[in-house]
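So that the names make sense, note that chain A is the first sequence line, chain B the second, and so on, each numbered from 1. The shown structure was predicted, so the numbers you read here are calculated from the model rather than taken from an experiment.
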Protein chains: 2
Amino acid sequence: MYLTQEIDYAMRIVFCLAKAERRMDAASISTEMCVSLRFALKIMGKLAGAGLINSYKGIKGGYELACPPDQITLRQVMEAVEGRGYAFSRCLCEGSDCNRGMSGCCVFQQLWQGITDEVNQQLESVTFAQMLEREKQRREELSAGAI
Amino acid sequence: MYLTQEIDYAMRIVFCLAKAERRMDAASISTEMCVSLRFALKIMGKLAGAGLINSYKGIKGGYELACPPDQITLRQVMEAVEGRGYAFSRCLCEGSDCNRGMSGCCVFQQLWQGITDEVNQQLESVTFAQMLEREKQRREELSAGAI
DNA sequence: CTTAAAATATACAAAACAAGTATATTTTAA
DNA sequence: TTAAAATATACTTGTTTTGTATATTTTAAG
């Protein structure tokens with residue numbers, strides 16, 4: 001029903017790298033994001049495999065964004081981790097053939113597809129550059145409100 | 001990540017009762033919807049508990065909608081089964097306190113909230129009367145196309 | 001007033017999925 | 001040559017979903 005932790009972590013990891021603007025090793029990322037090192041490594045493997053981040057082995061190794069943050073969307077991260085975009089219902093996935101009781105005409109499927117499309121559009125329309133900007137604004141609002 | 005089967009079944013069960021316009025026993029519903037009898041009973045217990053359907057014990061017992069289908073929304077079914085509306089991310093649920101690495105200012109949470117609100121609004125805006133109407137239209141389209 | 005067909009309550013079990021961990025290996029800057 | 005890093009692969013644990021079983025209660029009909 002919910003986004004998995006893995007996707008949530010992946011988003012935060014990319015955000016972290018976008019913010020750092022420099023190469024970071026897995027241990028630092030894992031500490032900053034409060035994700036176990038091993039799990040972070042696993043996720044970063046997927047992100048690197050999808051070409052969103054670059055990885056470097058050896059001493060001075062680590063990870064960095066593969067391109068500027070205004071060229072990475074939330075949807076790309078979702079796909080990197082999940083292997084596809086968001087889907088509201090299982091029945092929208094390949095080979096599901098669910099027309100359970102609907103005699104080959106399922107009006108729920110249509111509806112779920114609409115919701116799915118909308119969410120994916122949202123995820124696609126937001127880049128990590130925008131997320132950084134949002135955070136900056138939000139911090140300013142908070143400090144202004146705190147006076 | 002996906003809607004659970006339980007919610008999917010619940011939607012279909014309510015749709016089935018809306019379509020039937022009469023009292024049906026659990027066995028018939030389970031057969032029509034291709035859901036195991038036991039699981040269907042469990043789900044209908046929740047739907048009855050939430051006041052969406054009425055249940056009748058004994059011979060000639062069964063289930064029927066508690067009110068006209070134009071007064072039942074998809075969101076109500078979601079809440080009956082899940083105990084709350086849709087939430088895109090766990091971090092939006094009570095007592096989650098996730099500001100992991102975001103120093104008390106999580107811009108993802110804002111975003112997930114926006115998506116959540118949108119989906120809930122969708123679910124709230126559609127009644128089962130509308131779903132019946134949709135199905136009718138869709139069938140007409142299909143048979144027209146098949147000539 | 002008995003009976004059989006129905007729902008209900010409660011608990012249990014199995015399966016699927018998510019989350020996290022461990023070990024051995026490879027790469028590379030110093 | 002060495003130590004710090006990533007990588008590959010497999011394994012374990014925990015949680016959630018899904019489904020099942022048993023005993024009980026209710027009720028229309030004969």
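Within residues 49-59 of chain A, the residues approaching DNA chain C are A:K57, A:G58, A:I59, by heavy-atom distance under 4.0 Å.
In this structure, B:R23 is not positioned above the aromatic face of B:Y63 in the sense of NZ or CZ being under 6.0 Å from the six-membered ring centre and within 45° of the axis.
Considering all non-hydrogen atoms of both residues, B:C67 and B:I72 come closest at SG-CG1, 3.6 Å. When all heavy atoms of B:V77 and B:A10 are compared, the closest pair comes out as CG1-CB, 3.7 Å.
Between B:S36 and the phosphate of D:dT20, there is a side-chain N or O to OP1/OP2 separation shorter than 4.0 Å. Taking only side-chain nitrogens and oxygens, B:Y9 comes nearer than 4.0 Å to OP1 or OP2 of D:dG19. The phosphate of C:dA19 (OP1 or OP2) has a side-chain N or O of B:R90 nearer than 4.0 angstrom.
Remark: A:E32 does not engage A:R12 in a salt bridge, criterion side-chain N to carboxylate O under 4.0 Å. A salt bridge does not link B:E140 with B:K136: every distance from a Lys NZ or Arg NE/NH1/NH2 to an Asp or Glu carboxylate oxygen is 4.0 Å or more.
For B:R38 and D:dA23, the CZ to P distance is 12 Å, given to the nearest whole Å. Atom-to-atom, CG of B:D25 to P of C:dA4 comes out at 18 Å; the value is rounded to the nearest Å. Going from atom CZ of B:F39 over to atom P of D:dA21 covers 15 Å, rounded to whole Å. Distance CD (A:E82) to C1' (C:dC17): 11 Å, rounded to an integer number of Å. Per the geometry, CG belonging to A:L37 stands 15 Å off C1' belonging to C:dA19, to the nearest Å. Note: CG (A:L3) to P (C:dA19) measures 10 Å, nearest angstrom. When rounded to the nearest whole Å, the span between CD1 of B:I29 and C1' of C:dA7 equals 11 Å. Spacing between atom CD of A:E64 and atom P of D:dA5 amounts to 15 Å, rounded to whole angstrom units.
No contact: A:A48 has no heavy atom under 4.0 Å from any strand. At a threshold of 4.0 angstrom between heavy atoms, the contacts of B:A27 with the nucleic acid are absent.
Below 30°, between 30° and 60°, or above 60°: for B:F15 and A:F108 the angle between ring planes is above 60°, a perpendicular geometry.
Each of A:A26 and A:M1 has a nearest nucleotide on DNA chain D; the 5'-most of these lies closest to A:A26. A residue-by-residue look at B:K42 and A:K42 shows that B:K42 has its nearest nucleotide of DNA chain C further toward the 5' end.
Judged as a ring pair (Phe, Tyr, Trp, His ring centres under 6.0 Å), and not counting sequence neighbours, A:F128 has no contacts.
Pairing of D:dT15, defined by two Watson-Crick or G-U wobble distances under 3.5 Å, is identified with C:dA16. Base pairing of C:dA29 is made with D:dT2, judged by Watson-Crick or G-U wobble geometry with both donor-acceptor distances under 3.5 Å.
Considering only side-chain atoms of B:K60, the nucleotide from D:dA29, D:dT7, D:dT17 that sits closest is D:dA29.
Ring centers of A:Y2 and B:F88: at least 6.0 Å apart, outside the cut-off.
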